[in-house]
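Lettering of chains follows the sequences in order, A, B, ..., and the numbering in each one begins at 1.
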There are 2 protein chains.
Amino acid sequence: MASLLEGQARPIRLADIARAAGVSHGTASNVFSRPEIVRAEVRERVKAVAEQMGYAGPDPKGRLLRAGKVNAIGVATTEPLSYFFDDPFARVMMAGISEACDATGAGIALVSAANQEKLAWNIQSALVDGFILFCIEGGSRLVDLTRERKLPFVALELGFQDETVSAIGVDNVAGARLAARHLAELGHRRFAVLSLAFADNRTGFATPEIVRGALYTGTRDRLAGYFEELARFGVDTTKIPVYETENEEKSTRAGLEAIFARDEPPTAILAMSDRMALIAIDWLKARGLKVPQDVSIVGFDGVPDGALCSPALTTIAQPITEIGRRAARMILDHDGAVRRETMGVELIVRASTGPARKG
Amino acid sequence: MASLLEGQARPIRLADIARAAGVSHGTASNVFSRPEIVRAEVRERVKAVAEQMGYAGPDPKGRLLRAGKVNAIGVATTEPLSYFFDDPFARVMMAGISEACDATGAGIALVSAANQEKLAWNIQSALVDGFILFCIEGGSRLVDLTRERKLPFVALELGFQDETVSAIGVDNVAGARLAARHLAELGHRRFAVLSLAFADNRTGFATPEIVRGALYTGTRDRLAGYFEELARFGVDTTKIPVYETENEEKSTRAGLEAIFARDEPPTAILAMSDRMALIAIDWLKARGLKVPQDVSIVGFDGVPDGALCSPALTTIAQPITEIGRRAARMILDHDGAVRRETMGVELIVRASTGPARKG
DNA sequence: CATTTTTGTTGGATCGATTCAAATTTTCGC
DNA sequence: GCGAAAATTTGAATCGATCCAACAAAAATG
């Protein structure tokens, strides 16, 4: 009976406590938020009344409106929510973000959605002080949506020409050059590139026009880095097949099929992500090709999985955790300025690269 | 100059728009939340004014207070935030939770904290409609803290005697029996148990008193399951060493050292988590012991990593994703009732178990 | 004991929206 | 052109707290 009534009764508010305890709501509020300025006797009485009435404590919803600050940052992506827990790159990034948030006591709200409309709504209605955007597929839409909200935000991967957007990324050109030089120095001369997208929703071999019209400058820069360095070694880069994938299993395998169906298959693969590189290793092994004896592969990102697989992946490591930490701090101590940071990368040589086969 | 002033000006409110457009707040509100009931002409005018004044859309903070519902669930743990992205079990669970949230458009807020005080505060102030609690170390404190908040919550792992708490877990006794029977049927007679905690903050061999006074009944049930089944095979369970770990590297290794330092080392290890089982495989391999030829191991949980390691782990698989989905739905369509669900488990035989060595 | 200082308490204003009954305007049938 | 019905718009009330200027009471000072 009691529980039935209880279920219907609306929750107890601070004002109810104040009335019951015979103090003003101002004092009641102080009991909870600044207990030290309330006389001990009054404080105890109010607390006792609250306890007895089953008060849950000041409702954050009310406090929030007054305070104006949520003390949480939103991390958004166009991928489904599970992306945050599945993707190795995202996970390391989240570790960095978590660290910065843990340190200041800020919360993390994951924002995503099954479709465009819902994504827009979720971004509009997320209770956060700012956003960190995982700009993968559809990054530009994500930025547009977030801009509407008029809250501070940082784009991860500065693959945007748009200089008015705060972003943190890595030196893609330098990283790509490191990868290319490493392979060239091992004697490789026949290459293929597993590329990230130059624009949304496309896979297949990328023509020079596509590259020139790249929406994602990060992809463009990596390719430019590869080509610049290979050209220095006398490689004719116009002959290098560049296959655009969606950075997942299916399109990457399709790309490998297409690349190895051509005359003169490559002895070395430049992959723009570790994800693709790891898929490629799998694919090659299944095809009976030895890595690195038959084909060498260099990845990009430096996710932990790369060290564990067999053969361990040679890659261009980004300081992923540090990027995450900085992104979070950018939001947490936001000062209104647009910041664009470029982090250095590092070549990590492991077992997936070796000398080019003679002939 | 303009941007300087803009920076200081407080954000535009709906009321500002209403005034500027010459309509009431009610109408202005409708333009954004129920556009179809506003006359087209008025709607466009208000929208134009909003656009021109740089209005960011209705502030969720305001809406929230009125609506009362946040449309987000909090997932809390006593571990640091990075736990959600690192721990394999947590990750699979989060995938299930994400799925259910994605389906209804609900958000996820991760709640955790470096220390007790902050954890309490973060739980008190999390903007959520309910909580899912990862009850690992310190689960009972977490439940107490959350109860204060008087919001619906579900405890994962029903390791609580407390029947007033909603919880989802697995049939620990049945699972443990499956594991024990599998090993016994392979001829094993000398066992050791790598146990989860019976109460907070303790590691080392567990005495019968400790087991009897278990705070975590999940741990107790698993042990009971092991023992019941082994007893059926004539094993003297009083001689089985049970080592309590914190389910991480250090204490698990310490446990293995202690177990293998005894006379008559075990030929089979029953691990209460895959995490410990995987650490054990590593430890044994490093020690020159072959798995499963010298020592067989059965884990518990069924995390994906178990299938990938070498040798692949035989384990008791929980329907982790499904548990996550159900937990999320329990909060999302909460009806005020306390629910306790027990899910079935499944023995997955892989390569880490084999026949007992003769003699 | 009168006066200042310190300490505590009060209640109105505010945060930014949504809701709904009542008032107003439009539309429509005849 | 009139009255009824339908479509819009209004404005006060509400959500649940915090903040702060003004006031009251108690303590310290001369």
Visitor: Quick one, give me the B/S/- string for nucleotides 17-28 of chain C, reading 5' to 3', where B means a protein heavy atom under 4.0 Å from the base and S means that only happens at the primed atoms, P, OP1 or OP2.
Guide: SBB---------
Visitor: Donor-acceptor pair, B:S112 side chain versus B:E79 backbone, under 3.5 Å?
Guide: yes
Visitor: Between B:S24 and D:dG11, is there a side-chain N or O to OP1/OP2 distance below 4.0 Å?
Guide: no
Visitor: With distance as the sole test, does A:R149 use its side chain to make a donor-acceptor pair with the main-chain N or O of A:Q124 at under 3.5 Å?
Guide: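 Side chain of A:R149 to backbone of A:Q124, a donor-acceptor pair under 3.5 Å: yes, one is there.
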Visitor: Starting from C1' on D:dG16, measure out to CZ on B:R149 and report it in whole angstrom.
Guide: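 Taking atom C1' of D:dG16 as the reference, CZ of B:R149 is at 13 Å.
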Visitor: Between the opening five pairs and the closing five pairs of the helix from C:dC1-D:dG30 to C:dC30-D:dG1, how far apart are the helix axes, to 10°?
Guide: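 The angle, to the nearest 10 degrees, is 30°.
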Visitor: Between atom CD1 in B:I37 and atom P in D:dA6, what is the gap in whole Å?
Guide: 17 Å
Visitor: Does A:D129 use its side chain to pair, donor to acceptor, with the backbone of A:K69 at less than 3.5 Å?
Guide: no
Visitor: Ignoring hydrogens and geometry, is there a side-chain-to-backbone donor-acceptor pair from B:T27 to B:V23 under 3.5 Å?
Guide: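 Not at all, since once roles are kept as given, no pair shorter than 3.5 Å links the two residues.
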Visitor: Using modelled atom types only, decide if a donor and an acceptor are shared between the side chain of B:N30 and the backbone of B:P35 within a distance under 3.5 Å.
Guide: no
Visitor: Do you know which two heavy atoms are closest between B:I108 and B:C101, and how far apart they sit?
Guide: CG1-SG, 3.8 Å
Visitor: Can you tell me if B:D16 uses its side chain to pair, donor with acceptor, with the backbone of B:R13 under 3.5 Å?
Guide: yes
Visitor: If the plane angle is over 60° it's perpendicular, under 30° parallel, otherwise tilted; pick one for B:F84 and B:F134.
Guide: perpendicular
Visitor: Nearest-Å distance, CG (A:L65) to C1' (C:dA13)?
Guide: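 Going from CG in A:L65 over to C1' in C:dA13 covers 13 Å.
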